[in-house]
Each structure stands twice: as C-alpha cells, then as structure tokens.
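To start, the structure itself, in structure tokens.
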Number of protein chains: 2
Amino acid sequence: MSIQADTGVDDGARLKGRIRQRQEGAMLKAAEKVFARAGFQGATMAEIADVAGVPKATLLYYFASKEALYRAVLANILALWLAETESITADADPATALSAYVRAKMRLSARRPDASRVFANEIVHGATHIGEYLRTELRSTVEKRAAVIDQWAAEGRILPVDATHLFFTIWAATQTYADFDSQVCAVLGKTRLSPPDHERATAHVLTVVLRSCGLPCPAHGAATISPPPANTTH
Amino acid sequence: MSIQADTGVDDGARLKGRIRQRQEGAMLKAAEKVFARAGFQGATMAEIADVAGVPKATLLYYFASKEALYRAVLANILALWLAETESITADADPATALSAYVRAKMRLSARRPDASRVFANEIVHGATHIGEYLRTELRSTVEKRAAVIDQWAAEGRILPVDATHLFFTIWAATQTYADFDSQVCAVLGKTRLSPPDHERATAHVLTVVLRSCGLPCPAHGAATISPPPANTTH
DNA sequence: AAAAAACCTGACCAGATGGTCAGTTTCAGC
DNA sequence: GCTGAAACTGACCATCTGGTCAGGTTTTTT
C-alpha cells in the first residue's frame with residue numbers, strides 16, 4: 001500500500017519495538033476518534049494526545065507530523081475497506097452473495113463509525129491523500145466484482161442493473177448510518193442508534209438492494225406487488 | 001428559520017442596503033466553495049475573501065465572524081433542501097411522485113455539489129449547527145411524507161417498505177454523486193462527471209428506488225426476472 | 001451642498017497550534 | 001549492574017488566523 005510508505009510504521013510484522021506497538025494502537029485509536037469528529041484541520045495534536053493519554057511531545061515522537069498520523073489512520077481504514085467484497089463471485093448465489101456484502105458493510109458502519117467518518121471526510125474534501133488508492137486498488141476491485149454482477153444479469157439470474165453504480169448505491173446506503181448518523185438519529189427522534197435500529201436499517205437496505213436486482217427478499221414476500229387490490233384504479 | 005436569527009442577514013425581503021445585497025451574494029458563494037473544499041475549520045477567512053475578491057476586513061464587515069458566515073451559508077443550503085418533497089402526496093401516482101423526487105435530488109447534486117458537500121460535512125461532524133433544524137423541520141417533513149408512502153403501501157399501490165429509511169437511502173444514493181464525487185470519478189476512471197454520466201446515474205438511482213417499491217421502471221422493462229436463463233439475450 | 005449613514009480597508013494584535021529540542025528516564029543485551 | 005539505545009517529556013518557538021480598529025471614501029438623505 002503506497003500510503004503508508006511515508007509513515008514507515010504500522011506494519012504488523014515489523015518488529016519495531018514492543019512498547020511501540022502497544023502505544024501506537026492507543027494513539028491511532030484516539031486520532032481516529034478526533035479526526036472523525038473534527039476533520040483533519042479541525043483536529044489538534046494536543047487533543048489527540050490528550051485523548052490517548054500521552055503528552056503532545058510523545059505523540060510527535062511516534063508520528064513525525066500531523067500529516068503522518070493522519071496517513072497512518074487512513075491506511076488502517078483502507079485495509080478494513082478492501083477485505084469485504086469477497087462474497088461476490090460468479091458461481092455464488094446472487095441473493096446470498098449480495099446479502100453477505102451488504103451485511104458486512106452495515107456491520108462496519110455500526111462497529112467502526114469513526115473509521116467511516118474519517119474516510120467520508122477525506123473523500124468529501126477531494127480525497128487528496130487517497131486518490132491513488134481509489135484510482136488503482138479500489139477501481140480494479142470494483143471492476144472485477146461488477147463483471148460478476150453483469151454476468152449474473154446476462155445469465156438471467158438477476159435483473160439488469162448498472163453494476164458499478166450499484167456499488168455506489170450500496171456504499172452510500174450503508175455508510176449513511178455511520179457518516180450521517182446524527183441526521184438519521186434526529187429524524188428518527190433518537191439520541192443514538194440502538195442495535196434494533198441497526199437491524200431494522202440492515203433489513204431495509206437488504207430489501208432495497210435485493211429488489212433492485214429483482215430478487216425476493218426474505219423479510220417481505222414477493223418482489224412484485226402481490227396483493228393486487230380489487231380497486232385497481234388505473 | 002432559527003439559524004439565521006443570529007446572522008441577521010440574508011432575508012431577501014430585508015431592504016438592508018442595495019450594495020449589501022449584491023456583495024453578500026459573491027461572499028456567500030465564495031464561502032460555500034471554500035467551506036466545501038476545506039470544511040469549517042480548514043477554511044480561512046483570508047481565502048474566502050480572496051475568492052470573493054474583497055479584502056479580508058470587508059468580509060468581516062459583512063459577516064461579524066467566521067461562525068456567522070458559516071451559519072449564513074448553511075441557512076441558504078437548508079432553504080434549498082426543504083423545497084423538494086412536494087411531489088410526494090397521497091393522491092399522486094407513486095412512480096411519478098418518487099421519480100420526480102429522485103430527479104430533483106439528483107439535479108441538486110449535479111448543480112450545487114458544493115452546497116451538498118458543506119451540508120455533508122456539517123452532518124458528518126455532528127450537525128452541531130443544524131441539529132435543531134434536523135430535529136424539527138426536517139423530521140416533521142419526513143414524517144408527513146413517510147405517512148404518504150405508508151398509505152400507498154397499505155393501498156397495495158407499492159410493496160411495503162420502511163418509508164423513513166427509504167428517505168435515508170434516497171438521500172444517500174443521490175447525494176453520493178456530489179459528496180463522494182471524487183470517489184465516483186476515480187472508480188469510473190474519469191476526472192469529472194459529464195452530463196451523460198449524471199443521466200446514467202439518475203437512471204440507475206431511479207431503477208433502484210422504483211424497484212424497491214415494486215414499481216416498473218421505464219428504463220428496463222419488468223420489475224421481476226422476466227427472461228428465464230435459456231432465453232435470448234435481448 | 002452639507003450632514004449622516006453606510007461602506008470599505010490597511011495595519012495591527014492576541015491566542016492557538018504544529019513542530020523542535022535538549023535533557024531525563026526506562027529498557028534490553030551483555 | 002553496566003552501557004547504549006530507545007522511549008519519553010516540559011519548555012519553547014515560529015507561524016498562522018480570526019478578529020479589531022481607526023480613519024478614509026462613497027452613497028443616501030435632508
């Protein structure tokens with residue numbers, strides 16, 4: 001991954017001191033939280049250090065600059081993002097595969113909302129740090145998986161859809177529960193999303209995605225309007 | 001609108017000097033652009049002034065503080081956001097009404113991407129300035145329109161869907177073309193989205209939304225898998 | 001045309017923030 | 001337990017940025 005080339009840390013296998021490993025974790029976690037809340041410019045090294053429970057100078061001892069820290073946080077997030085499309089293969093059952101993917105994305109939104117928000121913030125502001133990743137790794141991943149979906153459609157196993165745009169829609173629909181959490185909560189009249197809320201949201205997104213492909217969704221019955229009302233006002 | 005109460009400007013009807021009206025427009029436009037690119041903290045009054053083509057002191061003469069300027073920009077955007085759900089009424093045709101709404105949202109993403117980005121940024125970072133708006137005006141608007149959609153479902157005119165979450169999905173799917181524009185472009189391998197790209201995106205989102213409600217979409221034919229596997233590829 | 005009001009701006013300032021550094025403490029290997 | 005390396009940190013600094021202000025110019029009103 002080209003991004004953490006500059007950082008020079010966070011390799012997992014790199015035996016760069018034992019203490020370092022432990023401390024870095026806390027700092028990255030704190031940084032993710034603060035970057036998520038305040039954005040790159042809005043976050044201050046002092047606050048991140050404070051949240052991590054270390055002096056500011058120590059934070060700078062681990063990460064040479066705010067920029068380096070931010071890149072390290074992003075690198076962590078990108079690793080999370082990539083390992084998710086595996087369920088989508090040509091020989092898999094479309095409904096099962098798509099469901100698995102959507103569920104994985106929703107789980108990520110529920111469990112790592114800060115990661116999602118940092119990523120969202122980075123992209124909204126032009127993706128200056130991860131443009132390369134988007135243009136190479138992400139793009140080729142999407143192209144491969146989109147080809148699979150196209151094949152499903154060609155085989156008549158799903159309705160024809162624009163596969164690439166379907167990914168955009170799935171990302172948007174799932175990540176909205178992390179990124180736009182405050183809006184969702186406000187409209188629902190809650191202060192935070194409970195696990196049942198997340199289940200409900202997941203069921204809804206599954207319905208949308210499956211129906212978009214002409215697949216029956218488990219929650220409700222048919223994929224078409226089943227109870228044709230006697231009063232067909234046409 | 002409670003938000004611009006603090007600002008004391010931007011009323012439209014307020015005859016607060018003719019020169020003021022004209023200048024304010026340029027400054028708000030410049031501010032929207034810079035806030036969209038850099039976020040609240042990342043934007044500087046100096047840069048906004050520069051983009052607007054006025055000295056920094058003049059900008060501060062018009063807007064007492066960065067905060068006030070930001071609130072004014074947000075107030076402008078919220079006005080845009082509200083006036084869009086009108087097509088969704090109980091007696092309207094579901095497919096027509098939903099299509100109109102989605103089209104309006106997509107048009108907004110294409111024409112005012114910066115507005116969308118400022119709004120997105122505000123929400124990602126906790127919606128501290130517009131929480132009140134979300135909890136009152138937006139919430140009640142959604143509740144009313146969701147009731148309409150529920151009624152459609154009860155009448156068997158569409159498949160049952162979680163109407164409130166359907167709004168979240170529509171917002172997410174449409175705004176992603178403004179907010180996450182850089183990601184979309186990177187994955188598509190383009191440097192910017194052309195009008196045809198936007199049409200394609202609109203057609204896709206329409207397909208997703210209509211099929212989610214069990215409605216036939218004009219672009220493709222049926223709402224279910226019509227051509228059985230052994231069929232000719234149309 | 002004079003007075004008042006509104007508009008405009010260069011120069012300046014106080015506080016915040018990213019980053020440096022010299023000196024101290026802790027750890028690992030011998 | 002000795003030694004060098006790694007880890008750590010308080011104090012400090014240069015810069016950037018939001019905001020002020022005194023004084024000037026233009027527009028409006030009388």
Side-chain angles (χ1 to χ4, degrees), chain A residues 6-11 14-35 37-74 118 125 128-129, chain B residues 6-11 13-28 30-35 37-74 118 125 128-129:
Chain A
D6 298 319
T7 320
V9 291
D10 175 59
D11 230 344
R14 232 194 199 76
L15 2 143
K16 231 180 178 180
R18 302 87 206 272
I19 303 166
R20 194 168 196 110
Q21 293 289 325
R22 186 165 7 110
Q23 294 281 278
E24 262 181 21
M27 294 183 196
L28 285 171
K29 195 175 155 193
E32 184 176 288
K33 186 187 287 185
V34 177
F35 280 133
R37 179 167 15 97
F40 177 73
Q41 306 261 13
T44 71
M45 292 300 270
E47 187 183 355
I48 294 171
D50 208 48
V51 171
V54 299
K56 194 182 69 167
T58 302
L59 181 62
L60 265 314
Y61 171 70
Y62 276 81
F63 299 92
S65 67
K66 189 183 181 182
E67 177 91 14
L69 174 56
Y70 183 63
R71 291 190 117 92
V73 170
L74 277 180
V118 172
H125 297 138
T128 51
H129 299 89
Chain B
D6 298 319
T7 320
V9 292
D10 175 58
D11 229 341
R14 231 193 199 78
L15 1 143
K16 230 179 177 180
R18 301 88 206 271
I19 303 166
R20 191 166 200 113
Q21 294 289 326
R22 186 166 5 112
Q23 293 280 279
E24 262 181 20
M27 294 184 196
L28 285 171
E32 185 176 287
K33 185 187 288 187
V34 177
F35 279 132
R37 180 170 10 100
F40 177 73
Q41 306 261 14
T44 71
M45 294 298 271
E47 187 184 354
I48 294 171
D50 209 47
V51 172
V54 299
K56 195 182 70 166
T58 301
L59 180 60
L60 280 166
Y61 170 72
Y62 276 81
F63 300 91
S65 67
K66 190 183 180 181
E67 177 89 15
L69 174 57
Y70 184 63
R71 291 191 118 91
V73 170
L74 277 180
V118 171
H125 297 136
T128 50
H129 299 88

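What you see is a predicted model; the values in this text were computed from it and never measured. Labels below follow one simple rule: chain letters A, B, ... track the order of the sequence lines, proteins then strands, and each chain is numbered from 1.
- Test B:Val54, B:Val51, B:Ile48, B:Val73 against B:Met27 for side chain to side chain contact (heavy atoms under 4.5 Å, CB included) and you get one pass: B:Val54.
- Taking 4.5 Å as the limit, every side-chain heavy atom of B:Lys56 sits out of range of all side-chain heavy atoms of B:Thr44.
- Nearest-nucleotide assignment on DNA chain C puts the 5′-proximal partner with A:Phe40, out of A:Ala57 and A:Phe40.
- Set against C:dG19, C:dC8, D:dC8, the side chain of A:Gln23 has D:dC8 as its closest nucleotide.
- In this structure, the CE atom of A:Met45 is 7 Å from the P atom of C:dG18, given to the nearest Å.
- The side chain of A:Leu60 lies closest to C:dT20 when the candidates are C:dT20, C:dG18, D:dT17.
- Rounded to whole Å, atom P of D:dT20 lies 14 Å from atom NZ of B:Lys66.
- Of the two residues contacting DNA chain C, namely B:Thr58 and A:Thr44, the nearest-nucleotide position lying further toward the 5' end is that of B:Thr58.
- Here the P atom of nucleotide C:dG19 and the CD1 atom of A:Ile48 are 11 Å apart, to the nearest Å.
- Rounding to whole angstrom units, CD of residue A:Gln41 and C1' of C:dA16 are separated by 14 Å.
- Nearest nucleotide to the side chain of B:Tyr61, out of C:dG19, C:dC21, C:dC7: C:dC7.
- Here the C1' atom of nucleotide C:dC7 and the CG atom of B:Leu59 are 14 Å apart, to the nearest Å.
- Contact of A:Lys56 with C:dG19 (side chain to base): a donor-acceptor pair of N or O atoms is detected under 3.5 Å.
- Regarding A:Asp50, its CG atom lies at a distance of 15 Å from the P atom of C:dA16, rounded to whole Å.
- At most 12 non-hydrogen atoms from other residues, nucleotides or ligands lie less than 6.0 angstrom from NZ of A:Lys33.
- Taking side-chain N and O atoms only, B:Tyr62 has a distance below 4.0 Å to OP1 or OP2 of C:dC8.
- No contact: B:Ala49 has no heavy atom under 4.0 Å from any strand.
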